[in-house]
Each structure stands twice: as C-alpha cells, then as structure tokens.
2 protein chains.
Amino acid sequence: MATIKDVAKKAGVSIATVSAVINGTRFVAEDTRTRVLAAVDALNYQPNRMARALKQKRSQMIAHILPSVMNPFFPASLKGVEDAAFAADYSVLVCNTETEPARIERYAELLLETQVDGVVITSPGLTAIHALAHRLDDHGIPVVVLSGPRSLDSFDRVLVDDVKSGYLAADHVLDYGHRRVAFVHVRHSTTSMHRMEGVVQALERCMPGKKPALVLEVDNFTEQEGYRIGMNLSKKDGLPTAVVAANDMLAVGISEALHDLGISVPEDVSLVGIDNTMAASLRPRLSSVAIPAYEMGKEAVARLKGRMNGVKAGEPLTITLNPQLVPGHSVTHPTVRTALPSGRGAPQ
Amino acid sequence: MATIKDVAKKAGVSIATVSAVINGTRFVAEDTRTRVLAAVDALNYQPNRMARALKQKRSQMIAHILPSVMNPFFPASLKGVEDAAFAADYSVLVCNTETEPARIERYAELLLETQVDGVVITSPGLTAIHALAHRLDDHGIPVVVLSGPRSLDSFDRVLVDDVKSGYLAADHVLDYGHRRVAFVHVRHSTTSMHRMEGVVQALERCMPGKKPALVLEVDNFTEQEGYRIGMNLSKKDGLPTAVVAANDMLAVGISEALHDLGISVPEDVSLVGIDNTMAASLRPRLSSVAIPAYEMGKEAVARLKGRMNGVKAGEPLTITLNPQLVPGHSVTHPTVRTALPSGRGAPQ
DNA sequence: TTGTATGCGTTATCAT
DNA sequence: ATGATAACGCATACAA
C-alpha cells in the first residue's frame, strides 16, 4: 500500500502538502494540487484510517449493539443505522449480544479498545447493558438508545410510544366488538410492559370498570414462547375472542399453536401482533402495529452525529416516533359460538 | 483514557515491559508482572487498537459484505460470521450493499482504507463484486466467498450444493406423486440457476424424456416478485400441481397470491421453498430445503483465519455443505381434479 | 503558498 | 530480566 510519503515523493512536495490537498485543510496552489492528485491516482493511494484515527482520536466507526440479529425488527433498525452511517462516512461494527452478560461485557472492552466514536444501543435493560452504557459515557463516547428500556434516561433516546402501540392493537380488536381480550406479555421487558399498559388503557376506556385484559406471561419474544403459550391459551378462564401479542414473533408462534389445536384465525380467535415484521408471511396476513425501525435507526445515527460533532453536553434528547396500525386479515368480528355458551351455529 | 505510558510510570517500569506482560511476548519477573497488572487494573487501562493496528498492520477487523440484511438468510450467516469472529477476537464490519454498484465501490475503498484483515463476501456475481474481490486480493487481503457466484473461483469458498437443493425440493413433490411441477427462477442469479438445474435433474430422473419443469421467471428473491408471479401462475399452460420456489421469500409471496386467488395450499397446489428461513411463519408450515447459513458463516471465518495466519498462497479451497429437506405441511398428494382424468385415488 | 518536525499509542529491535 | 528508542502513517503547529 502506498503511503502519503510515496505520494509526496512522486509529486515532489512535502507530506504536509499532500495531506492538505486530500483533506482540503489549507490552500494549495492549483498546479501543485493537480500534481498531487495525479500522484495519488498513479499510486492508487488510500489514506490509512488507522493512522488517521490514532492521530485524530476519531476512528470514524460506530457500533450497533443489538440483542439478536434473528428477530426481524433488528435487521430493520440495523439497516437504518447502516444507511445513515454510510452516508456520513462511518463504518458500523455489529455487536450481537444474545443478551448474554458475558458477551456484553466483552463488547464493552472491545468498543473502548477500538475507540469507536459512538454507539447505538438496542437492548433490553439488563444490568450489563446499563454498565456498558455508563462506561462508554464515562469515556466520553456518545451513546444513543434505540427503543431500549426507559431506565436509560440519561442518554439520548429514539423511542417509539410503546403504550400507544399496545393501545392501537387493543383498540383495533375492540373496534371489531371483542370484549374478551388477552395480552401475551414478556416478563421483565419494559417494552412489553408499556404495550400492556396501552392494552389496559384501551380496555378501560372501552369498558370502564370492567374486568381488565387477560394477561399471559412468557419469558421472551420468540416464536417458541408464542407456541408454548398458544397451546395453553384456553387453560386460563377459557379461550379469549382476541389475542394481542407483545410482538410479531410471539404472534407467529401463537398462530401456529392455534392451528395445531384446530382453532382458526380469525374465525375462532382474532390475533394482533406488534412490530409488523412478519405480517406478510402469515396466512391469514397478520394485523399488526408497525414500528418504524428503519427510521429509528437513521434517527439514532443523526443524534449520534450531533453529539460526536461537539454537542458534548446538554440535556439528553428523546425523540418519540409513532407506531401505526397495519390491518391484515387476522382480525374479524367475534363469532357467536365463542362469545356465548348457547347456540353455536357455524356463522360462515 | 490511560495509555501504556501511564501504566509504565505507575508501575515504575518501562513501556516495553508493560507491553511484554500484556502480550506475553517475553519473560518478565513475577513481581514486576504483578506490579504491572496492578497498575493496569488501577488505571483501567485498555490498549488502543488503532495504535496497535498501525504498528502491526493488522486491524483485528473483518468485513462482511452482504446484499441485504432484510432477507432472513443473511442475518443467519451474519450471526455465524459474528460468532466465529467474536471468539477469535475479531470485530465485524457490516457492509450492506443492496447490490448497488455505487455502494459496493464505495465499500471497496472503505475496506482498503480501514485495513480490514479479511472479508467474507456474500453476494450475487455483479461485476462490481468481482472488481472488489480482486482489488482486495491484489492488496493481499484474504477473501472468502460465502454462497456466492461460482465465477469467483479463484477464492476460498464456502458453498452449498445448490443443484442438490433444487433436486431435494423437486424430489419431495415428485415423491408425493406430482408430475406437473413449476420452478420459479430468478433471472441472472447463478444460485437460482443451479437450483433449477437440480429440479430439472430430479424430473428427468423421475420421468425420463418427458416434458421438463415449467419455468417461471422473476427478477429477484423478494416476496413482491413471488406475489407477482403467483398471480400469474395459471396463465402459462394452466396451474401446475406443485411449485418449487427458488427461495422462501418467493414462496411466501406465491402463497399469498394463491390465497388471494382462492387457491389453497396444499390442497390445490403444493409448494416448496428453499432456505428454510420462514417456514415456521407460514400457515401451513412451508416445506423447504434448509441451507446451513449459520454454519457457513462460521466456516467462512475459519477459512479466513487460516489465510490471515500465514497460509498466504495455495490452491483456493472450496467447502461444500449439504442442504437438507425440512418437510412442512405445504406439500401433499396431488388431487384428482388437478392431476389426471384417470383414476388416482387420494391415498390416505 | 509550502516545508519541517513532533506526536498520537503501540510493538519490536537493540542494548544493557 | 528490563530499558531506550525507532517506526508505523498520518495531521498539525510552527517556520519560512
């Protein structure tokens, strides 16, 4: 690889001049400039980012920490992050934590060693994540939280209104006349908690003082957990007429379980998801609440850029984007047979 | 950030000694070693990777070039790459090209500037990709091709037997008695071409000399294209009894189109995908041929490590992994009405 | 308008 | 067994 020295020699100038023409950091006569550029071209010179980073103490790299690249929500936000970073000449380091504390801690070290300029964190609020965020912050590395736990409130955040997401989902089935609505909640997830809150609000508004939503708990946002709870859906107080799942992957699992139980969607049970990541692949198409993951990724990097370019201090900024209901075909009116014990005609 | 100098001062030794104890690069007395480690601990010292990279000419970073993070196949391989890289203390730079030549070219520059130690390329065989691969190679940067075009045959490759994938998919429906089999092919994709070849082989073996598969062409591996072709499935020679899609995303789109047309899977038409990425979310569960994307990612990094540690020259190595049929519920026996006028009982 | 020289934080060579 | 010091490739303060 040609170095700046080679270019300088070939162009018959000093390395300072070469640096100047490359970075436009000071005036340089037109003819020398062209000589330099010619040399650059001839030698196929590429500035060494490591050297530059060392000198400038900026690596032009950001990291994106995410719990799992297999949940389709994250590739979407990752793409947003990558697009924005690419446009701003930053590289993106992916850090897949699988929510394992050991990996998170290891990544904390790594990112510090790598001198990344900023970090976008998407993750449930594990203590390891809190430690990581604060550790980065202590070293002056900007952190933006994307759709994370509300407890990370001393950082810039790009959030979506989770309460509203839950509200929209529940409201949708209520609109269709459902009154026995179940919510499938993920334990220890603040996101899920907020979504549940929205569900509860919608029910309360629709039927003041009435029995609240039926809540079923699972351990994480996976299809497997959805399947598991789906198989047990009728165990507790009998089958609900509508189910709101804390996310789409759960909904997929639930749908599968219902299918295996011979219960059909939406004829017997209506189903709504949140995230709108898998809607198209479910038959019938899943009604879901879309979260603008891609935009959130872009926005997160925009914030990061702000902080990296000097806006050191100042109040933490929170941007909240809006979820949006995307109706599919998994919700319909409750049928007589599931509503009442009497006369079960097949209302075809 | 504390530097090696600070540590040296605090421990009352030279920086050479500190470096030695950190890297285990030479003997150092037990007591000084402990003093150094104490200082490291006290100052929370983290070696600067940029400086190290500059000196050693190795950045401990690899890049993963992929066409789109939204197709679930790629997150799977990305995870394999990331896992293996993480275990070997390498960071992963994601380079999402969207198969846009401009982005690919820009990434070529970037990777050279960043001095990545190796690159895993997953991509269709665009000329920009060829250029990138050879350019990296010219600079001595190891390249491993993961499931890419066969034309990149001067590089190490981790492939899957695409012909066999197609064969397995077709064989599956043939086993069920289907004789009118359509293949949905993606134009300009060598992967799709090989899969088609497998389909053709299976048909030829099953019905020598008979009319080959019905081939329908689309422009890329997306659900949208699948939907489009699905709506036109019966246009050409009438409805086939079974459809093999070049990948799962296409299958999802096809399934959706069929649903919209009132044609049910598998009662009216059997459907098989390839990749096994979305099987679980389709109802009925999609029968598909699994590609070991995760293992391929791991294997690719293993090869990369080999090349990065000295195995400079030598024949390009190709590893071929095996696809595997994963039956779902989207395939069944052809029904009388779609099959032949004469007597085929509905077996079971 | 351009060149010289220093230092960024490491590793590695050469001494001692 | 350990210390000085040069060099990695670049940006930049200071000279000229």
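So you know, we letter chains A, B, ... as the sequences are listed, proteins then strands, and number each from 1.
A donor-acceptor pair under 3.5 Å is formed between the side chain of B/Asn309 and the backbone N or O of B/Lys305. In this structure, the side chain of A/Thr114 engages the main chain of A/Leu110 through a donor-acceptor pair within 3.5 Å. When atom types are taken as modelled, the side chain of A/Asn23 and the backbone of A/Ser19 share a donor-acceptor pair closer than 3.5 angstrom. In this structure, the side chain of B/Asp156 engages the main chain of B/Leu317 through a donor-acceptor pair within 3.5 Å.
A heavy atom lying under 4.0 Å from DNA chain C marks none of the residues of residues 106-113 of chain A. Using a 4.0 Å cutoff on non-hydrogen atoms, the parts of residues 4-26 of chain A near DNA chain D are A/Ile4, A/Ile15, A/Ala16, A/Ser19, A/Asn23, A/Arg26, ordered by number. Against DNA chain C, the stretch residues 33-62 of chain A makes heavy-atom approaches under 4.0 Å through A/Leu54, A/Lys55, A/Lys57.
Along DNA chain D, read 5' to 3', the first and last nucleotides having any atom under 4.0 Å from a heavy atom of chain B are D/dA1 to D/dG9. From the 5' end on, the contacts that DNA chain C makes with chain B at under 4.0 Å to a non-hydrogen atom open and close at C/dG9 to C/dC14.
Within the structure, every pair that satisfies the ring-ring contact (aromatic ring centres under 6.0 Å, His included) test and touches residues 116-151 of chain B, not counting sequence neighbours, is listed here: B/His134-B/Phe155.
Partners of B/Ile15 by side-chain contact (heavy atoms from CB on, under 4.5 Å), not counting sequence neighbours, listed by chain and number: B/Ile4, B/Lys5, B/Ala8. Under the salt bridge (charged side-chain N to carboxylate O under 4.0 Å, His left out) criterion, A/Asp162 pairs with A/Arg150, A/Arg195, sequence neighbours left out.
Side chains of A/Leu159 and A/Thr318 form a contact here, defined as non-hydrogen atoms less than 4.5 Å apart.
The two residues B/Met1 and A/Leu112 have their closest heavy-atom pair at CE-O, 3.7 Å. Nearest heavy-atom pair across B/Pro142 and B/Leu304 is O-CD1, 3.7 Å. Minimum interatomic distance between A/Asp6 and A/Thr3 (heavy atoms only, all atoms of both residues): OD2-N, 2.8 Å. Across every non-hydrogen atom of B/Ile129 and B/Pro124, the tightest pair is CG1-O, 3.8 Å. In terms of heavy-atom proximity, A/Ile104 sits nearest to A/Ala128 at CG2-O, 3.6 Å. Pairing each heavy atom of A/Pro316 with each of A/Arg307, the nearest pair is CA-NH2, 3.9 Å.
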Donor-acceptor pairs under 3.5 Å, side chain of residues 70-86 of chain A to any protein atom, not counting sequence neighbours: which ones?
residue, atom, partner, partner atom, Å
A/Asn71, OD1, A/Phe73, N, 3.0
A/Ser77, OG, A/Phe74, O, 3.1
A/Lys79, NZ, B/Glu98, OE2, 3.0
A/Glu82, OE1, B/Arg103, NH2, 2.7
A/Glu82, OE2, B/Asn96, N, 2.7
A/Glu82, OE2, B/Tyr107, OH, 2.4
A/Asp83, OD1, B/Arg103, NH1, 3.3
A/Asp83, OD1, B/Arg103, NH2, 3.1
A/Asp83, OD2, A/Tyr294, OH, 2.5

Review item, side-chain donor-acceptor pairs of residues 35-46 of chain A, under 3.5 Å, at least two apart:
residue, atom, partner, partner atom, Å
A/Arg35, NE, A/Ala11, O, 3.1
A/Arg35, NH2, A/Ala11, O, 3.3
A/Gln46, OE1, B/Arg135, NH2, 2.8
A/Gln46, NE2, B/Glu109, O, 3.3

For residues 59-67 of chain A, dump all side-chain donor-acceptor pairs below 3.5 Å to protein atoms at least two apart in sequence or in another chain.
residue, atom, partner, partner atom, Å
A/Ser59, OG, A/Met61, N, 3.3
A/Ser59, OG, A/Gln115, O, 2.8
A/Ser59, OG, A/Asp117, OD1, 3.4
A/Gln60, OE1, A/Arg58, NH2, 3.1
A/Gln60, NE2, A/Asp89, O, 2.9
A/His64, ND1, A/Val120, O, 3.1

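Bending across the helix from C/dT1-D/dA16 to C/dT16-D/dA1, expressed as the angle between its end axes from five pairs apiece, amounts to 40° (10° rounding).
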